[in-house]
Number of protein chains: 2
Amino acid sequence: MNKKVTAMDVARLAGVSQSSVSRAFSKSASISNKKRKMILDAAEKLGYQPNAIARGLITNQSRIIGIVMRDVQNPFYPEVLEKFYSRLSEEGYQIMFINSQNDEVQEYEVSQLIEYSVEGVIITDALLTSAAVQKFNRNGISVVLFNRYISDSMSNAVICNNFSAGQRIGQYLLDTGHRQLGFISGPSNTSTSLERSRGFIDTLQKHGIESIPMEDGGFTYEGGFAAAEKLMKHHAKIDALFCANDVMAFGAMDYLNTAGYRIPEDISVIGFDNVKMADWSPYALTTWQQPVDEMIQQAVKLMLDDINGQQEEPEMNFVDGCLIERASVKNRR
Amino acid sequence: MNKKVTAMDVARLAGVSQSSVSRAFSKSASISNKKRKMILDAAEKLGYQPNAIARGLITNQSRIIGIVMRDVQNPFYPEVLEKFYSRLSEEGYQIMFINSQNDEVQEYEVSQLIEYSVEGVIITDALLTSAAVQKFNRNGISVVLFNRYISDSMSNAVICNNFSAGQRIGQYLLDTGHRQLGFISGPSNTSTSLERSRGFIDTLQKHGIESIPMEDGGFTYEGGFAAAEKLMKHHAKIDALFCANDVMAFGAMDYLNTAGYRIPEDISVIGFDNVKMADWSPYALTTWQQPVDEMIQQAVKLMLDDINGQQEEPEMNFVDGCLIERASVKNRR
DNA sequence: CTTTAAAATGTAAACGCTTAACTCTTAAAA
DNA sequence: TTTTAAGAGTTAAGCGTTTACATTTTAAAG
């Protein structure tokens, strides 16, 4: 382990003061071009890199954003992670990655983030207690929820309008002539699943459909598979299945196929997320596309505005998305 | 943004010196239980958390490990990320996540890691120039390559024995009566793909099979699809296809199915990675399982040993893995 | 009731940086 | 020429910790 080279070393080599070295590395400092060049050359020669830890300490700005993510194996989230990375990178932020092990982000995970003085935290598919929110707030850490919200909502959030998406999916299925609809939900403590189902049910009821068989598929492939099985065993006449996310839809489709149902001839399936695989030929899943790019754009904007104090009140932004039609839904008219 | 509460604040409230507060939070410090409790209570009341940035500065230990990952959308890697997170978390490390945008990890990505004084860097599916390795070395940063290695190899690495896996896959295909074999490779600058193909070819040649049609599928679904198409157009008699990773195998299978080939009756397909989806019914892919848990275990051990100076020479650990038989290969005997 | 060692606490010096305050040049304005 | 001001560079004060060292307290031993 070689000694770290510090600004002082560079200063000595270049024959200037250590503070000049600091200035040479600062965009907005007044320093002559000649001297800056000298210093930069010396730095180059020594392989000097400013120490972000020391800088963070004095400026009180770590330039680190925490990202909390739970179900990394759901292909929707790697995509989200990738895009957050790219946007935040552009803004000069680093990412501290937290893979939340529980539904609810744990006390110690919150503490870790705080200890490292992250400037902000993005929560994707995990739940945040209001205690946790307060803890972040007390420490001046901005929080933005991605596709989640919590009732007491003192936090920024950007959310796909799950309720209206649920409605429109219901409407679409009705319009294409389906009458026996089933729903495979995610965990009942996630606002995403809840809202999607509320919208869906809302529309169906308006059209006089009261009985809507449901099963919890826990947002996983296996869950979707099992839920479809239960559903079909008890309600053989179902002609369309709405799954609260794509992975569950894949599970459901695989169950249906192995059980001898033809998709979409016997039963239509519709998903949510428009994950890459939805386009793969064995599935060709009709699904709801969340405008991920836009959502991330907004989430980062919210985050930065909050960090830079250009924000008074927490904001909740809703975005819509649209239906992507593929081959898993049949027009029964 | 509330003022951060510091050890000094706690010290004042508890009526002790600031250094005692520090000691109260250190496992191995000599401090009376009574006083420790007092301090911890005061800290609790104020919501104090030690500042890891300041600690890092003085101890010269950030307790951050960088993870560099490129193709996050290949389901193999989220799994890897999750497991690394969990292991490193146990050891009290945080993760700084870098989503490398290019095949080769870029100069500025290296710099970022160095600026934040990460103690070590784990490189998964990205390439590291020896210049980059040197830069890390000069800064006393441990590097371990996960499933990659580079020729000048001054770095630790843990690697699935891709060569022998390739051999055994070749043997398996031969044993099951295949004679016309094709290969879909990953990018030609990845040691993983290269070794797998070398082993595969090696075995086939030993059995007198000289002509082995190949296409580069770039380790992606689309690439696998296109590669299979090209391969079949020019070599209609192929009866088995070895794909250097699972996602390409999925692409290839989807092409084959849409083109009217039956798997495995007309053509067998074999993958590599044993990603979750390989078990899904539309694919039921026979594939090579890398012992991911073991590999990560070893990688982390290498990392920690290196960080703690308990290591003289860089080590390269090879692990084997095993074939997982599903339904995509037919015994033609 | 000393004496002595050990344990607990306090004091103060770093760690590597940024930045306010100050000094010294240099050149333009008077 | 003198005055003034802007520009360039330096000095030094932190940021919130850990930790070596000094000092005080406590407990054990004589």
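Convention: sequence-line order gives letters A, B, ...; per-chain numbering from 1.
- Between S22(A) and dT18(C) there is a side-chain N or O to OP1 or OP2 distance below 4.0 Å.
- Remark: C1' of dG16(C) and CG of N139(B) are 14 Å apart, rounded to the nearest angstrom.
- No close placement of the F76(A) and F219(A) rings is indicated, their centers lying 6.0 Å or farther apart.
- Counting to the nearest Å, the P atom of dT19(C) and the CG atom of N60(A) are 12 Å from each other.
- For Y48(A) and F25(A), the ring centers are positioned less than 6.0 Å apart.
- Per the geometry, OH belonging to Y116(B) stands 18 Å off P belonging to dG16(C), to the nearest Å.
- Going from atom CD of E119(A) over to atom CE of M96(A) covers 12.5 Å, rounded to the nearest 0.5 Å.
- A salt bridge does not link E91(A) with R63(A): none of the charged nitrogens is closer than 4.0 Å to a carboxylate oxygen.
- K37(A) has its NZ atom 15 Å from the P atom of dG9(D), to the nearest Å.
- We find that CZ of F25(A) is positioned 17 Å from C1' of dT19(C), with the value rounded to whole Å.
- Remark: P of dC17(C) and CG of D9(A) are 9 Å apart, rounded to the nearest angstrom.
- Atom pair M38(A):CE and dG9(D):C1' shows a separation of 12 Å (rounding to whole Å applied).
- Using the six-membered ring where Trp is involved, Y149(A) and F318(A) have ring planes that are perpendicular, over 60° apart on the 30 and 60° scheme.
- Taking 4.0 Å as the cut-off between side-chain N and carboxylate O, K45(B) and D41(B) do not count as a salt-bridged pair.
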- Note on the structure: Letter by letter from the 5' end, nucleotides 4-14 of chain C scores (B base, S sugar-phosphate only, - none; protein heavy atoms under 4.0 Å) ----BBBBB-B
- Please test D125(B) against R148(B) for salt bridge (Lys or Arg N to Asp or Glu O under 4.0 Å), starting from the C-alpha separation and ending with a verdict. CA-CA 7 Å; D125(B) 62 335; R148(B) 288 280 172 284; 5.4 Å; no
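- The distance between atom CE of M8(B) and atom C1' of dG14(D), rounded to the nearest whole Å, is 14 Å.
- As judged by a 4.0 angstrom heavy-atom cut-off over every strand, E115(B) is placed among residues making no nucleic acid contact.
- Here dC17(C) is the nucleotide among dG16(D), dT19(C), dC17(C) with the atom lying nearest to any side-chain atom of Y48(A).
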